[in-house]
Amino acid sequence: MKFNIINFLKIYSEDKLALFFFINLIIILGLVIFGPLITLQNPYDLSQLNILDSLLPPLSQAYENNYFLLGTDDQGRDLLSAIIYGLRISLYVGSLSVIISLIVGIILGVVSAYFGGFVDNFIMRVADMVLAMPSFLIALVLLSILGRGLENVVFALVMSQWATFARVIRSSALSEKEKDYFYSARCLCLPQSRIIFGHLLPNCLPPIIVLSTINLAFAITLEASLSFLGVGLPITEPSIGLIISNGYEYIIVGKYWMSLYPGLFLLITVVSINIFSDRLRILLNPRLNI
């Protein structure tokens, strides 16, 4: 089923809660895209920080007459600016890992379904081993070996997610192989690459589109958890998880805002993406889109 923006907006208009989170998602994406233009400071440029502004509560006036809506951290960073910059990195890491996982999963899933036999058994057994272990554990072990860093985090997320895409795309491809257009393409002796990528793959994409948005929320959460534990992104590339971790030790002395507000932003972002994916699932599924 083709994407119809009118039907998509109609689905949201009928659900006020979904509409609320959809608007939140648009606002978050706007903050991420235009963050450097609207924030008070680059929170990771030391020349823009003032130690006299450290640990200020929300709505406090800064030493230089700026107002920090969400307060500051122990380095004098504007917490709202830090959250926006952290969301940019979290969304970048999550999106990049999902895109790479999607490409790997599509290739392996379609090849597995098309050729069958030994190729299918080998790819699916490897996928089963990956799916048998928790994604968090796979990523944690890989980062313990590889060390912290953006590239290592993306690699760890890809290794923990590709099997899900491969399984789903294989299932869809096996179903499509039983249809008349596939047999017609085989009878016409079309090149295998054309049959796979020109006929088989396009008809397997709708469930993958929905799965990609769901896995984006999962990847953001997983990356934040890894960074919170100190095995994810380094301090020079702080994500939401690292910001929450930095403020965690101050909760006991009443500096709640340093972890509370980043956590709320992370929660709203993940919930908004999940609700978006659910409405997208309804739109792309003719049986649900009544």
Side-chain angles (χ1 to χ4, degrees), residues 17 20-94 136 148 150 153 216-275:
L17 181 62
F20 170 76
F21 281 105
F22 180 68
I23 294 174
N24 282 334
L25 182 59
I26 297 298
I27 293 174
I28 290 171
L29 291 177
L31 291 175
V32 169
I33 295 172
F34 301 105
L37 301 177
I38 60 178
T39 52
L40 290 176
Q41 58 183 216
N42 179 346
Y44 303 104
D45 182 357
L46 297 180
S47 64
Q48 299 185 34
L49 304 183
N50 191 329
I51 195 62
L52 296 176
D53 294 330
S54 63
L55 300 177
L56 292 179
L59 301 177
S60 296
Q61 185 175 4
Y63 181 75
E64 296 179 352
N65 296 323
N66 290 321
Y67 280 89
F68 297 125
L69 295 179
L70 302 183
T72 62
D73 65 7
D74 56 337
Q75 300 297 318
R77 297 185 181 93
D78 173 33
L79 191 57
L80 179 58
S81 300
I83 291 172
I84 292 174
Y85 274 75
L87 277 176
R88 298 183 76 199
I89 295 177
S90 295
L91 285 172
Y92 172 75
V93 171
F136 181 80
R148 303 173 70 175
L150 192 146
V153 171
L216 174 59
F218 174 74
I220 292 173
T221 306
L222 182 56
E223 180 277 320
S225 301
L226 293 169
S227 295
F228 179 84
L229 294 176
V231 296
L233 296 176
I235 191 65
T236 55
E237 297 172 335
S239 69
I240 285 292
L242 193 57
I243 296 173
I244 297 174
S245 177
N246 290 338
Y248 181 73
E249 60 183 286
Y250 289 93
I251 293 180
I252 195 172
V253 294
K255 312 296 183 182
Y256 64 90
W257 59 88
M258 293 175 60
S259 288
L260 174 63
Y261 294 124
L264 288 176
F265 269 81
L266 176 62
L267 175 64
I268 292 173
T269 301
V270 171
V271 172
S272 299
I273 294 174
N274 280 330
I275 291 180

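- Residues passing the salt bridge (charged side-chain N to carboxylate O under 4.0 Å, His left out) test with D73 are R77, sequence neighbours excluded.
- For Y92, there are no side chain to side chain donor-acceptor pair (under 3.5 Å) partners two or more places apart in sequence or in a different chain.
- A donor-acceptor pair is defined here as one N or O able to donate and one able to accept, closer than 3.5 Å; such a pair exists between the side chain of R88 and the backbone of V32.
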Taking it one step at a time, do F21 and V271 satisfy side chain to side chain contact (heavy atoms under 4.5 Å, CB included)? CA-CA 7 Å; F21 281 105; V271 172; 3.5 Å; yes

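- Contact check for L59 versus F68: no side-chain heavy atoms found under the 4.5 Å cut-off.
- With values rounded to the nearest 0.5 angstrom, L55 atom CG is found 11.0 Å from L79 atom CG.
- Qualifying side chain to side chain donor-acceptor pair (under 3.5 Å) partners for Q48, counting only residues two or more places apart in sequence or in other chains: D45.
- Of the possible polar contacts, none joining the S90 side chain to the I220 backbone as a donor-acceptor pair under 3.5 Å is found.
- We find the CG-CD1 distance between N24 and I273 to be 11.5 Å, quoted to the nearest 0.5 Å.
- Atoms CG and CD1, on L91 and I28 in that order, are 8.0 Å from each other to the nearest 0.5 Å.
- Atom CG of D53 and atom CD of Q75 lie 12.0 Å apart (nearest 0.5 Å).
- Under the 3.5 Å distance criterion, the side-chain polar atoms of S245 are left unmatched by any main-chain donor or acceptor of G241.
- The shortest side-chain heavy-atom distance between L87 and I240 falls under the 4.5 Å cut-off.
- The side chain to side chain contact (heavy atoms under 4.5 Å, CB included) search around S225 returns F136, T221, not counting sequence neighbours.
- For T39, the side chain to side chain contact (heavy atoms under 4.5 Å, CB included) partners at least two apart in sequence or on another chain are S81, I84, Y85.
- In this structure, the side chain to side chain contact (heavy atoms under 4.5 Å, CB included) partners of I26, at least two apart in sequence or on a different chain, are F22.
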Sequence neighbours excluded and cut-off under 3.5 Å, please list the side-chain donor-acceptor pairs for residues 257-267, or say none.
{"residue": "W257", "atom": "NE1", "partner": "L56", "partner atom": "O", "Å": "3.3"}
{"residue": "W257", "atom": "NE1", "partner": "T72", "partner atom": "O", "Å": "3.0"}
{"residue": "S259", "atom": "OG", "partner": "I244", "partner atom": "O", "Å": "2.9"}
{"residue": "S259", "atom": "OG", "partner": "G247", "partner atom": "O", "Å": "3.4"}
{"residue": "S259", "atom": "OG", "partner": "Y248", "partner atom": "N", "Å": "3.1"}

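- In this structure, the side chain to side chain contact (heavy atoms under 4.5 Å, CB included) partners of I89, at least two apart in sequence or on a different chain, are V93, L233, E237, P238, S239.
- Scored by the side chain to side chain donor-acceptor pair (under 3.5 Å) test, D74 finds Y250 as partners (sequence neighbours excluded).
- S227 places no side-chain N or O within donor-acceptor distance of the main-chain N or O of A224, the cut-off being under 3.5 Å.
- The number of heavy-atom neighbours closer than 6.0 Å to CD1 of I252, taken from other residues, nucleotides and ligands shown, is 12 or below.
- No side-chain heavy atom of L69 sits under 4.5 Å from any side-chain heavy atom of D78.
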